[in-house]
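Okay, so here's the structure we're looking at.
Computation of the quantities below employed the complete heavy-atom set of this structure, encompassing side-chain atoms and omitting hydrogens, waters and symmetry-equivalent molecules.
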Amino acid sequence: HENKDLIYRVTSRRIVGDKSYFSPHAPMPIAGVLKDRFPEVKHATVFNLPWHLRIQAGEKIFNNNYGARVASSFFEIFTFSFIRGDPKTALLDPASVVLTESFAKQCFGSSDAVGKTINISLKDRKVTGVIRDVPYHSHIRFDFAMPISLPGVEDKYAWRGFGSGVYVQFAHSINMAEFNKKIKDIAKEYDPKISTQFSLQP
């Protein structure tokens, strides 16, 4: 990834009684808060863990491919090689989807997938990009990626969730320890009952 030295994952620690629980995931609203509040954060995205969905492309039906929901800046933070499409705009349309090369061939054979429509969980989505397959050793793996709308900061239920990878890209080098102090107790601002604390992980 071209920006690897500026990319961090937001991790969480929750105190319950006398025990401390660590998670490599974080509540989705923190992504928007970090992007809006701190000018040094250039991009922020979520990566919802992949899951199996019913997909239909023409007469073909698939049930065992991994789909990920991500924020629209996902492909600006992470450098995935685009065969077709523009990483800066591929996920701006809420009804868009980006396919890996292998899955595009499964769906459409040798014809160009961009501009075609696939149905994912009864919703039509337009293919706006095709990327090279994700390397097998990456912890961010998917067959297709589609945009997600981040929940608002007033959604207290969303602040209690831990189902998402949350990643930020900084505009320049930072002092991680100093930034961790700034973000440690942000969750309490939106729900004082939450004991979750945040920190960055390179």
Side-chain angles (χ1 to χ4, degrees), residues 1 3 6-14 23-51 53 66-80 85-99 120-129 131 134 138-171 174 179-180 182-201:
H1 299 289
N3 301 306
L6 299 172
I7 299 172
Y8 292 78
R9 177 164 61 179
V10 181
T11 65
S12 305
R13 187 172 298 280
R14 180 173 292 177
S23 173
H25 303 128
M28 283 199 292
I30 190 65
V33 170
L34 296 182
K35 178 66 174 67
D36 294 341
R37 185 180 298 189
F38 300 101
E40 59 266 48
V41 175
K42 185 175 182 179
H43 298 299
T45 189
V46 300
F47 179 81
N48 267 14
L49 298 178
W51 73 103
L53 298 170
Y66 286 110
R69 292 187 184 273
V70 299
S72 60
S73 59
F74 178 77
F75 289 114
E76 292 191 77
I77 295 175
F78 295 105
T79 310
F80 290 98
D86 184 344
K88 293 182 179 180
T89 60
L91 295 176
L92 292 182
D93 184 341
S96 61
V97 64
V98 172
L99 312 180
I120 302 175
S121 293
L122 303 180
K123 180 177 180 179
D124 284 342
R125 290 185 173 273
K126 183 179 179 180
V127 179
T128 53
I131 64 170
V134 179
S138 174
H139 79 290
I140 299 177
R141 304 226 35 193
F142 55 93
D143 296 310
F144 58 94
M146 46 195 175
I148 189 173
S149 296
L150 297 179
V153 295
E154 71 284 348
D155 186 342
K156 290 188 177 182
Y157 178 78
W159 279 104
R160 300 183 183 202
F162 285 97
S164 300
V166 177
Y167 301 86
V168 294
Q169 178 194 332
F170 288 91
I174 62 157
F179 195 81
N180 282 343
K182 298 177 184 179
I183 69 173
K184 179 180 177 182
D185 294 313
I186 281 179
K188 289 185 180 297
E189 299 177 24
Y190 300 98
D191 188 345
K193 296 180 181 179
I194 292 181
S195 63
T196 304
Q197 297 177 335
F198 302 116
S199 61
L200 297 179
Q201 182 181 62

## Note on the structure
Heavy-atom closest pair (A187 atom, I194 atom, distance to 0.1 Å) is CB-CG2, 4.1 Å
### Query
What distance do I174 atom CD1 and L200 atom CG have between them, rounded to the nearest 0.5 Å?
5.5 Å
### Message
On a heavy-atom basis, which atom in I183 and which in F198 lie closest, and how many Å separate them?
### Response
O-CD1, 3.6 Å
### Query
Listed by chain and number, what are the side-chain contact (heavy atoms from CB on, under 4.5 Å) partners of P24, not counting sequence neighbours?
R9, F22
#### Entry: From CA spacing to verdict: ring pair (Phe, Tyr, Trp, His ring centres under 6.0 Å), F179, F170
CA-CA 11 Å; F179 195 81; F170 288 91; 5.0 Å; yes
### Message
Applying side chain to side chain donor-acceptor pair (under 3.5 Å), can you list everything that pairs with R125, at least two apart in sequence or on another chain?
### Response
none
### Task
Check the pair I148, F47 against side chain to side chain contact (heavy atoms under 4.5 Å, CB included), reporting the backbone distance first and the verdict last.
CA-CA 9 Å; I148 189 173; F47 179 81; over 6 Å; no
### Query
Are the side chain of D155 and the backbone N or O of A158 linked by a donor-acceptor pair below 3.5 Å?
yes
#### Entry: Partner set under salt bridge (charged side-chain N to carboxylate O under 4.0 Å, His left out) for R160, not counting sequence neighbours
D191
#### Entry: Pair V127-V98, side chain to side chain contact (heavy atoms under 4.5 Å, CB included): steps then yes or no
CA-CA 6 Å; V127 179; V98 172; over 6 Å; no
#### Entry: Check against side chain to side chain contact (heavy atoms under 4.5 Å, CB included), F144 and I120
CA-CA 10 Å; F144 58 94; I120 302 175; 3.8 Å; yes
### Query
Can you tell me how far the NZ atom of K123 sits from the CG atom of L53, to the nearest 0.5 Å?
12.5 Å
### Task
Give a yes or no on whether the backbone of Q197 and the side-chain of D185 come within a donor-acceptor separation of less than 3.5 Å.
no
### Query
Under 6.0 Å from the NZ atom of K188, do we count more than 12 heavy atoms belonging to anything else shown?
yes
### Message
Do F142 and N48 make a side-chain contact, defined as non-hydrogen atoms from C-beta onward lying under 4.5 Å apart?
### Response
no
### Task
Name all residues meeting the side chain to side chain donor-acceptor pair (under 3.5 Å) criterion together with S96; count only those two or more places apart in sequence or in a different chain, and write none if there are none.
none
### Query
What's the verdict on side chain to side chain contact (heavy atoms under 4.5 Å, CB included) for L91 and V97, showing C-alpha distance, side-chain angles and the deciding distance?
CA-CA 7 Å; L91 295 176; V97 64; over 6 Å; no
### Query
To the nearest 0.5 Å, how far apart are CD1 in I186 and NZ in K184?
12.5 Å
### Task
Taking the six-membered ring for Trp and the single ring otherwise, decide whether the centroids of Y167 and H43 are under 6.0 Å apart.
no
Mind listing the side-chain donor-acceptor pairs of residues 26-42 below 3.5 Å, one per line with the distance, residues two or more places apart or on another chain?
from	atom 1	to	atom 2	distance (Å)
R37	NH1	E189	OE1	3.3
R37	NH1	E189	OE2	3.2
R37	NH2	E189	OE1	2.9
R37	NH2	Y190	OH	3.0
E40	OE2	K182	NZ	3.4

### Message
Show the nearest heavy-atom pair for residues W159 and R14, with the distance to one decimal.
### Response
O-NH2, 4.4 Å
### Query
Side chain of S138, backbone of I140: donor and acceptor closer than 3.5 Å?
yes
### Message
As an exercise, state the distance from CG of N180 to CD of Q201, rounded to the nearest 0.5 Å.
### Response
10.5 Å
Using residues 67-79 as the side-chain source, report each donor-acceptor pair under 3.5 Å to any protein atom, sequence neighbours left out, with the distance given to one decimal.
from	atom 1	to	atom 2	distance (Å)
S73	OG	A44	O	2.8
T79	OG1	E2	N	2.9

#### Entry: Set of side chain to side chain donor-acceptor pair (under 3.5 Å) partners for T11, sequence neighbours left out
S199
### Query
Who pairs with D124 by side chain to side chain donor-acceptor pair (under 3.5 Å), at least two apart in sequence or on another chain?
N119
### Query
With a 4.5 Å heavy-atom cut-off, do T128 and D93 have their side chains touching?
no
